[in-house]
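Notes to accompany the following structure.
Lettering follows sequence order; numbering is per chain, from 1. Keep in mind that the numbers below use all heavy atoms, side chains included, and drop hydrogens, waters and symmetry copies.
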Amino acid sequence: MPASPAPAASAPLAPAAPLLAWYDRHRRLLPFRAPEGGRPEPYQVWLSEVMLQQTTVAAVGPRFARFLARFPDVEALAAAPEAAVMEEWAGLGYYARARNLHACARIVAARGGFPGEAAALRKLPGIGAYTAAAIAAIAFDQPVVPVDGNVERVVARLAAEATPLPAAKPRLVALAEGFMADAAARARPGDFAQALFDLGATLCTPRSPVCALCPWRGACAAQRQGVQETLPRKAPKRARPLRHGVHFLLADAAGRVLLRRRPPRGLLGGMLEIPGTPWREATWEAAEALPFAPLPGLAWRRLPGLARHGFTHFELEMALLAATLPPAAAPAPLPEGMEMRPLAEAEAALPTAMRRLLALAR
DNA sequence: GAGACGTGGAG
DNA sequence: TCTCCAAGTCT
């Protein structure tokens with residue numbers, strides 16, 4: 001007997017018809033969503049799904065439109081240099097998404113379009129179980145149920161699942177798959193998926209769910225038991241350590257600043273940065289930090305204040321030293337990975353952590 | 001399986 | 001100020 005038997009897809013937790021009827025009246029009008037009855041473009045569904053990974057609808061709206069204007073189709077994206085894609089993604093976070101998006105575009109353009117089934121989509125870079133199912137359901141009408149945080153919450157409440165996440169995930173996925181046993185869900189897989197998202201985003205919310213308006217009120221075990229606010233349970237999070245860094249803002253007479261390209265993988269991988277020391281838990285003395293300056297022999301002055309930025313797994317506090325390149329200095333070839341950019345351009349291309357640092361210079 | 005991986009908004 | 005969390009993926 002298996003240690004933790006994966007539950008087989010079973011009878012649906014709740015009927016699809018009331019949810020779809022609710023969706024037809026209350027669906028959100030979102031900038032990245034095809035108009036009612038309109039055929040969604042696979043490219044746009046894919047792009048929006050990747051942007052929406054761990055990112056709010058409000059943040060994605062304007063960035064989706066801007067990205068689409070710059071890279072209108074998968075061929076245009078595939079033809080672009082990776083640095084241009086990274087720059088367009090600046091400020092959105094989780095930069096591996098941008099690298100994978102670009103790699104995925106090249107594969108898709110080469111094969112002449114997106115595959116139409118979840119299993120094939122799943123093999124592409126940056127497309128995991130959720131995104132594969134979302135694209136398959138929304139763009140290709142495949143009878144699958146994408147399980148995101150909304151769906152986890154809705155299903156955990158319908159079933160009154162008390163096991164904390166992520167341990168409960170396999171069971172929640174199996175229960176979500178069960179929805180497709182209902183012919184009404186199979187008839188409209190894309191709408192059914194988006195109905196689940198909208199239900200989770202507007203009624204079955206993490207705090208203060210609005211059960212009185214829920215089309216699935218009668219089917220919800222958590223609501224019957226009065227425990228909806230406590231579900232889904234989650235494993236406790238670890239504390240985030242505080243790390244420190246010292247960075248060096250070098251400007252030339254023309255007002256350009258020195259930037260450095262970070263290594264292709266890892267934290268802020270492939271993004272530009274203001275050169276600095278490593279980030280560590282111990283604070284830095286000036287004498288210790290100076291060897292990390294991008295050029296030796298300059299008169300660095302400390303700018304007042306500290307830039308603070310919270311990453312997922314640590315908090316960062318950065319000090320900024322500034323220096324100006326003498327106008328007469330010969331334009332020495334910059335070291336590998338370094339470039340000078342006008343201040344405004346640098347600001348647009350930098351991730352938020354680095355923009356905070358730049359703000360100290362004003 | 002657990003940790004790495006960004007950011008901004010809400011309460 | 002601080003915690004939570006948002007249409008997750010990769011290793």
Side-chain angles (χ1 to χ4, degrees), chain A residues 3-4 28 30-33 40 44-64 86 89-101 103-104 121-139 145-154 164-170 173 176 190 192-202 205-208 229 232-243 262-271 273 279 308-316 350-356:
Chain A
S4 63
R28 292 176 294 171
L30 302 174
F32 43 83
R33 195 178 260 182
Q44 297 188 21
V45 174
W46 166 65
L47 175 61
S48 64
E49 288 303 334
V50 172
M51 275 195 179
L52 285 160
Q53 289 168 6
Q54 298 292 286
T55 307
T56 57
V57 163
V60 165
R63 299 303 298 265
F64 175 78
M86 300 309 290
W89 204 268
L92 266 177
Y94 285 137
Y95 298 98
R97 293 186 294 175
R99 297 193 302 273
N100 286 329
L101 197 77
C104 184
L121 287 161
R122 177 68 184 80
K123 297 191 196 318
L124 295 168
I127 298 184
Y130 162 77
T131 303
I135 298 170
I138 296 170
V145 181
V147 180
D148 72 334
N150 288 305
V151 181
E152 283 177 358
R153 187 167 58 254
V154 168
L165 286 165
K169 181 73 185 276
V173 167
F192 185 78
Q194 294 176 92
L196 284 172
F197 302 157
D198 281 12
L199 185 69
T202 64
T205 48
R207 289 174 296 256
S208 310
E229 304 243 15
R233 297 189 187 170
K234 300 205 171 175
K237 302 174 173 43
R238 297 187 343 179
R240 295 186 308 177
L242 175 62
R243 295 184 188 168
R262 290 177 61 88
R265 283 196 288 262
L267 188 67
L268 305 178
M271 296 298 289
E273 68 173 351
W279 297 333
R308 219 182 153 91
H309 187 72
F311 290 99
T312 309
H313 52 297
F314 67 94
E315 184 84 13
L316 179 61
L350 287 171
T352 299
M354 293 293 138
R355 291 180 192 172
R356 300 242 155 97

Q: Return the nearest nucleotide to the side chain of Tyr94(A); candidates are dC5(B), dT7(B), dA7(C).
A: dC5(B)

Q: For the side chain of Leu267(A), starting at C-beta, report the closest nucleotide among dG8(B), dG6(B), dA7(C).
A: dG6(B)

Quick one: is [N] close enough that its OP1 or OP2 comes under 4.0 Å of any side-chain N or O from [X]?
X: Arg97(A); N: dT7(B); answer: no
X: His309(A); N: dG6(B); answer: no
X: Thr352(A); N: dT7(B); answer: yes
X: Arg153(A); N: dA6(C); answer: yes
X: Arg28(A); N: dA7(C); answer: no
X: Tyr95(A); N: dT7(B); answer: yes

Give one of base, sugar-phosphate or nothing for [X], where a contact means two heavy atoms less than 4.0 Å apart.
X: Pro146(A); result: nothing
X: Ile127(A); result: sugar-phosphate
X: Arg33(A); result: base
X: Ile138(A); result: nothing
X: Ala353(A); result: sugar-phosphate

Q) Partners of Pro125(A) by side-chain contact (heavy atoms from CB on, under 4.5 Å), sequence neighbours excluded? A) Asn100(A), Ala103(A), Cys104(A), Ile107(A)

Q.
As a quick check of understanding, evaluate side-chain contact (heavy atoms from CB on, under 4.5 Å) for Tyr130(A) and Val147(A), giving each step before the final call.
A. CA-CA 6 Å; Tyr130(A) 162 77; Val147(A) 180; 5.6 Å; no

(Q) Within the structure provided, determine whether Gln44(A) and Phe64(A) are in side-chain contact (heavy-atom separation under 4.5 Å). (A) yes

Q: Give the C-alpha distance, both sets of side-chain angles, the deciding distance and a yes or no for side-chain contact (heavy atoms from CB on, under 4.5 Å) between Leu350(A) and Met271(A).
A: CA-CA 7 Å; Leu350(A) 287 171; Met271(A) 296 298 289; over 6 Å; no

Q) Nearest heavy-atom pair of Ser48(A) and Phe32(A): which atoms, and what distance? A) CB-CB, 3.6 Å

Q) Which pair of heavy atoms, one from Phe311(A) and one from Ala353(A), lies closest together, and at what distance? A) CZ-CB, 3.8 Å

Q. Picking from Arg240(A), Arg308(A), Arg243(A), what satisfies side-chain contact (heavy atoms from CB on, under 4.5 Å) with Leu316(A)?
A. Arg243(A)

Would you measure the distance from the [atom1] atom in [N] across to the matching atom in [M] and give it in whole Å?
N: dG11(B); M: dA7(C); atom1: P; answer: 15 Å
N: dC5(B); M: dC2(C); atom1: P; answer: 23 Å
N: dT1(C); M: dG8(B); atom1: C1'; answer: 16 Å
N: dT9(C); M: dG1(B); atom1: C1'; answer: 14 Å
N: dG6(B); M: dC5(C); atom1: C1'; answer: 13 Å

Q. Using 30° and 60° as the class limits, which term best fits the ring planes of Phe314(A) and Trp279(A): parallel, tilted or perpendicular?
A. tilted

Q: Would you please test Leu101(A) and Met51(A) for side-chain contact (heavy atoms from CB on, under 4.5 Å) and show each step?
A: CA-CA 10 Å; Leu101(A) 197 77; Met51(A) 275 195 179; over 6 Å; no

Q.
Between Phe32(A) and Asn100(A), which residue's closest nucleotide on DNA chain C lies nearer the 5′ terminus?
A. Phe32(A)

Q: Using heavy atoms to find the nearest nucleotide of DNA chain C for Leu52(A) and Leu124(A) separately, return the residue whose nucleotide is more 5′.
A: Leu52(A)

Q: Please determine, by modelled atom types, if Gln194(A) and Arg33(A) share a side-chain donor-acceptor pair under 3.5 angstrom.
A: yes

Q: Classify the side-chain pair Arg63(A)/Thr55(A) by whether it contains a donor and acceptor separated by less than 3.5 Å.
A: no

Output one line per pair: protein atom, nucleotide atom from nucleotides 1-3 of chain C, and distance, for all N/O pairs under 3.5 Å.
none

**Q.** DNA chain B base-pair string [pairs: Watson-Crick or G-U under 3.5 Å; |: paired with another strand]
**A.** .||||.|||||

(Q) I need the residues from residues 53-61 of chain A with at least one non-hydrogen atom less than 4.0 Å from DNA chain C; give them sorted by number, or say none. (A) Gln53(A), Gln54(A), Thr56(A), Val57(A)

Q | Gly266(A) vs Arg355(A), nearer the 5' end of DNA chain B by closest nucleotide | A | Gly266(A)

Q | Contacts of Glu49(A) that satisfy salt bridge (charged side-chain N to carboxylate O under 4.0 Å, His left out) - sequence neighbours left out | A | none

(Q) Can you tell me whether the side chain of Thr131(A) and the base of dG8(C) have a donor-acceptor pair closer than 3.5 Å? (A) no

(Q) What's the separation between atom CZ in Arg207(A) and atom CD in Glu229(A), rounded to the nearest 0.5 Å? (A) 10.0 Å

Taking N or O atoms only and anything under 3.5 Å, show me the protein contacts with nucleotides 1-3 of chain B, one pair per line.
from, atom 1, to, atom 2, distance (Å)
dG3(B), OP1, Arg238(A), NH1, 3.1

